[in-house]
Amino acid sequence: MAKIETPRPIRGTQDIFGAEAEAFAHVVETFERVRRLYRFRRVEMPVFEKTEVFSRSIGETTDVVSKEMYSFEDRGGESLTLRPEFTAGIARAYLTDGWQQYAPLKVATHGPLFRYERPQKGRYRQFHQIDAEIIGAAEPQADVELLVMADQLLKELGIGANDPGAVTLNLNTLGDSDSREAWRSALVAYFRDVKASLSEDSQDRLEKNPLRILDSKDERDKAFVADAPQIDQFLSGEAQDFFGAVTSGLDAAGVAWSRNPALVRGLDYYRHTAFEFITDRLGAQGTVLGGGRYDGLMESLGGAPTPAVGWAAGIERLAMLVGDVDEAGAEVIVVVENDAVLQDGIGVTSALRRSGVAADLLASGSPRKRFDKAVKQEPKAILALSVDNGATAHRLRITGGDEVAIEGVLASYDWRGPAE
RNA sequence: GCGAUUGUAGCUCAGUUGGUUAGAGCGCCGGUUUGUGGUACCGGAGGUCGGGGGUUCGAGACCCCUCAAUCGCCCCA
């Protein structure tokens, strides 16, 4: 018979284990705690939606829609897509579930997202994000609140705590749609004059996505980027005031920020505030948390014009910055020296756990091996069960520095004695 | 889609200018000690050296193809 070959994991997916999984959980738990402080309401969203939810909001023709989504037909012939982001689904729910009645609505969620991309450091095909959005708030205070929450989250995660340069808030404004369009035209005119000197990629970008030339990594482009027209020259008075209110709000809240006039968004529905918390500790994937104001999105989904702003952050990248988090060890390990008292081993281990003590039971292999394993796990105490004069004897050996108060549990446990 | 680097035991890795039967540590399994002590010692299992082809008397090593992983480019919702 042919040997059965173990299926390989799917490219870009990951099995997270041990200290890395603890770090992942720590990020999520911290996010949950902080979002409650800012009174963001928890939402759970479907992992797939009709494809049009994403194609209409992101733009039919963009590469991300045409090449980087996991789309498929279900058995009814409907085109569905695994969510590549949270924002579009939340916007859809806002329109279909009557959430307008709660406006301005602050919501938060987290979970897996799917993008068909080439995996690299901190970048996977199934990845996970935390996400926060404020829908129905046109005021710059909403942007400020989101940014202050993001800043507190990163600080509570300890990112940059002992290392002030580890992550910095880069902030920019894209203005309203008129300012943005004027800026875009000026950029195209400026770069067209020097087109031949630009990198090949940027020559393509000139037609498709001229704003992206600004954050090109190619040295040939950087010299021209430095002297390129800046958004500030094109901002309306209203847009200037909006950005001013955001920055003064950040200052009032004590959040450090730094203006980055080259920071742009890839999609057209973004307006005004754009921001990224950037680190240099994760290789090429520098953005740890990013977002902006997307006042244009709701209309593309058939809703009334609705101002909104939000951010998302990759849990894997945050977990990498947090570093490995130790798995909590057992406080007590119960070693059954004699199999005749296995039932008492099961019973007393359960009693310990019910009283809130983290406990493990070791009852396989030779007694020697059981003790070896127990000692290696470095519990605070080892509880050894053996047979003595027809009864179950237990000895508690304190192995760690900390006291383990389990005498009460042992005293109230009803020992059943060894099996015959 | 493009590029660079790396694939040897379950894991982390050695393996000399190509030379007999491919090694270590950890983990796993078994054994030694009948003991208030143990994390020690001894032993064992486990590898078609990612896969395929080629060069050679001889390939884990050199060449070609392929697959995968990692990192980067593109893209980034």
Side-chain angles (χ1 to χ4, degrees), chain A residues 3 5-14 17-18 49 53-60 62-70 81-91 113-125 127 129 131 133 199-205 208-209 211-213 215-219 221 263-270 274 276 282-287 290-292 294 296-297 300 310-314 317 333 335 337-338 362 364-379 382 384 386-388 393-400:
Chain A
K3 186 183 187 309
E5 206 168 311
T6 305
R8 307 315 305 163
I10 303 294
R11 162 173 285 186
T13 64
Q14 30 173 6
F17 174 78
E49 296 269 0
V53 169
F54 305 110
S55 63
R56 292 225 303 251
S57 62
I58 295 169
E60 306 277 357
T62 58
D63 277 8
V64 296
V65 166
S66 57
K67 296 199 283 208
E68 294 174 16
M69 295 202 311
Y70 278 96
T81 294
L82 299 181
R83 63 183 181 196
E85 60 158 13
F86 281 116
T87 307
I90 290 173
L113 303 169
F114 306 85
R115 297 180 187 175
Y116 192 85
E117 296 185 291
R118 198 60 179 255
Q120 49 187 291
K121 188 177 181 68
R123 196 170 183 175
Y124 308 94
R125 289 184 171 181
F127 62 103
Q129 285 187 340
D131 180 275
E133 316 274 352
S199 66
E200 295 78 9
D201 283 333
S202 284
Q203 293 185 27
D204 287 344
R205 282 190 276 241
K208 285 160 44 182
N209 203 352
L211 269 56
R212 281 286 172 190
I213 299 176
D215 51 18
S216 168
K217 290 166 183 167
D218 195 300
E219 289 302 327
D221 300 332
L263 177 67
V264 297
R265 305 274 79 184
L267 302 184
D268 287 340
Y269 59 64
Y270 281 99
E276 294 182 0
L282 291 178
Q285 307 303 318
T287 300
Y294 49 93
L297 174 59
S300 68
W311 57 249
R317 290 188 197 175
I333 293 181
V335 175
E337 282 194 74
N338 186 315
L362 282 177
S364 68
S366 67
R368 159 80 70 173
K369 293 277 195 273
R370 298 177 191 184
F371 271 103
D372 286 356
K373 278 186 190 172
V375 170
K376 276 188 183 175
Q377 287 178 40
E378 298 180 342
I382 294 173
S386 56
V387 178
D388 184 37
H394 66 271
R395 298 188 309 275
L396 184 65
R397 179 182 166 210
I398 303 297
T399 49

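Letters A, B, ... mirror the listed sequences (proteins, then strands); counts begin at 1. Bear in mind that the values here come from a model prediction, so they are computed numbers and not experimental data.
- A straight line from CG of A:Asn338 to P of B:rU36 spans 17 Å, rounded to a whole angstrom.
- Rounded to whole Å, the C1' atom of B:rU16 lies 41 Å from the corresponding atom of B:rG1.
- The local environment of CD in A:Glu378 is sparse, with at most 12 non-hydrogen atoms from other residues, nucleotides or ligands closer than 6.0 Å.
- With a cut-off of 3.5 Å on both pairing distances, the Watson-Crick or G-U wobble partner of B:rG25 is B:rC11.
- A 3.5 Å limit on both hydrogen-bonding distances identifies no Watson-Crick or G-U partner for B:rU56.
- In this structure B:rC2 sits in a base pair with B:rG72, meeting the Watson-Crick or G-U test at under 3.5 Å.
- Whole-Å rounding puts the A:Leu396 CG to B:rU36 C1' distance at 13 Å.
- Comparing the C1' positions of B:rC73 and B:rU56 gives an interatomic distance of 40 Å, to the nearest angstrom.
- In this structure, A:Lys376 places its NZ atom 9 Å from C1' of B:rG27, rounding to the nearest Å.
- A side-chain donor-acceptor contact under 3.5 Å links A:Arg370 to the backbone of A:Gly365.
- Minimum heavy-atom separation, A:Arg123 to A:Arg118: CD-O, 4.3 Å.
- Between the P atoms of B:rC74 and B:rC62, the separation comes to 33 Å (whole Å).
- A donor-acceptor pair under 3.5 Å is absent between the side-chain atoms of A:Asp131 and the main chain of A:Ala312, judged by distance alone.
- Straight-line distance between the P atoms of B:rC75 and B:rG52: roughly 39 Å, to the nearest whole Å.
- A donor-acceptor contact under 3.5 angstrom links the side chains of A:Glu133 and A:Thr87, judged on distance only.
- Residue A:Arg395 places a side-chain atom within donor-acceptor reach of the base of B:rG37, judged by atom type and a 3.5 Å distance cut-off alone.
- Of the P atoms belonging to B:rG38 and B:rG44, the separation is 28 Å, rounded to the nearest Å.
- There is no side-chain donor-acceptor pair under 3.5 Å between A:Ser386 and A:Asn338.
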For nucleotides 69-77 of chain B, read 5' to 3', which letter fits each nucleotide if B means a protein heavy atom sits under 4.0 Å from the base, S means only the sugar-phosphate is that close, and - means neither? S-SBBBBBB

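- Under the Watson-Crick or G-U wobble criterion, with both distances below 3.5 Å, B:rU32 is paired with B:rA40.
- Look at the P atom in both B:rU32 and B:rC71: the space between them is 48 Å, to the nearest Å.
- For the P atom pair drawn from B:rA59 and B:rC63, the interatomic distance equals 16 Å after rounding to whole Å.
- The gap from the C1' atom of B:rA4 to that of B:rU12 amounts to 24 Å, rounded to the nearest Å.
- Side-chain atoms of A:Lys369 and base atoms of B:rG31 include a donor and an acceptor less than 3.5 Å apart.
- Under the 4.5 Å side-chain criterion, counting only non-hydrogen atoms from C-beta, A:Arg83 is in contact with A:Phe54.
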